[in-house]
Each structure stands twice: as structure tokens, then as C-alpha cells.
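Because only heavy atoms are used, hydrogens play no part in the values below, and waters and symmetry mates are left out as well, while side chains stay in.
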Amino acid sequence: MEREIWFYKVGLSYIPRHWKGFAVIGAVILPTLCAMLLGQLALDRLGYGSLDWLAFPAFFIPALISLIVVAERHS
């Protein structure tokens, strides 16, 4: 069975070309954004307001890696 093409590879990045590519991006970005905002809120409420930047790399880097893996597989 042949893989579906959801992304175009342009230079060093991937651009969605199928609705499933847009759906994958949305399915990863929306929970990641919610997790980052809730993480920053939790750190602020616990009194660690100066560490609220920590939620960004903790959730963004795994999301980025997973998106790159899916885009490489379906390009």
C-alpha cells in the first residue's frame, strides 16, 4: 500500500497540500498551545512567575518533533 502525500517538501520545510495535513497540524498545535498556556498559568499560580518561559520549550519541542516526523512520512 502506498503512502498518501499530505505535505510538499519545500527547501527545509513542509507545506500541507491535503486536508489531512492541515488536520494533523491543527490536532498538534491546539493541544500544545493549551498545554503551554495552562503550564504558564500553573507556574504563575504556584509562585514561579519568573519560570513561566519553561512551559514553552517543554511542550513546543516535542510537538515540533512529532510534526516533523509526520510531515517526513507523508511527503
Side-chain angles (χ1 to χ4, degrees):
M1 188 165 146
E2 201 169 311
R3 293 183 188 153
E4 293 181 343
I5 306 294
W6 296 350
F7 295 92
Y8 285 126
K9 183 168 176 130
V10 178
L12 296 175
S13 63
Y14 296 94
I15 298 175
R17 71 172 279 213
H18 194 271
W19 69 268
K20 291 179 185 177
F22 287 104
V24 166
I25 291 172
V28 172
I29 288 178
L30 185 63
T32 302
L33 183 62
C34 290
M36 286 189 298
L37 293 174
L38 288 174
Q40 288 179 341
L41 180 65
L43 285 169
D44 189 40
R45 296 280 171 118
L46 291 171
Y48 297 105
S50 62
L51 292 178
D52 64 351
W53 62 270
L54 192 61
F56 180 76
F59 295 109
F60 179 75
I61 293 171
L64 179 65
I65 291 170
S66 66
L67 275 176
I68 290 172
V69 167
V70 170
E72 282 183 7
R73 177 166 172 79
H74 290 283
S75 66

query: Do F7 and I25 come close enough that some side-chain heavy atom pair is under 4.5 Å?
result: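 Yes - at least one pair of side-chain heavy atoms lies under 4.5 Å apart.
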query: Do the side chains of Y14 and E72 get nearer than 4.5 Å, heavy atoms only?
result: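 They are in contact (side-chain heavy atoms under 4.5 Å apart), so the answer is yes.
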message: Assigning hydrophobic clusters by single linkage (Ile, Leu, Val, Met, Phe, Trp, Tyr; side-chain heavy-atom cutoff under 4.5 Å), is M36 placed with V28?
response: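 Per the 4.5 Å side-chain linkage, M36 and V28 are not co-clustered.
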- request: Name all pairs fulfilling the ring pair (Phe, Tyr, Trp, His ring centres under 6.0 Å) condition that reach into residues 21-59, sequence neighbours left out, sorted by first residue then second.
  value: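 Listed by first then second residue: F56-F60.
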Going from [atom1] on [X] to [atom2] on [Y], what distance comes out if it is rounded to the nearest 0.5 angstrom?
{"X": "L37", "Y": "D52", "atom1": "CG", "atom2": "CG", "value": "11.0 Å"}
{"X": "L64", "Y": "L67", "atom1": "CG", "atom2": "CG", "value": "7.0 Å"}
{"X": "K9", "Y": "I15", "atom1": "NZ", "atom2": "CD1", "value": "12.0 Å"}

Shortest non-hydrogen separation from [X] to [Y] and the atoms involved:
{"X": "P57", "Y": "P62", "answer": "O-CD, 3.9 Å"}
{"X": "S66", "Y": "A63", "answer": "OG-O, 2.8 Å"}
{"X": "L43", "Y": "L51", "answer": "CD1-O, 3.3 Å"}
{"X": "R17", "Y": "I5", "answer": "NH1-CG2, 3.1 Å"}
{"X": "P16", "Y": "G21", "answer": "CB-C, 4.0 Å"}
{"X": "H74", "Y": "E4", "answer": "ND1-O, 3.2 Å"}

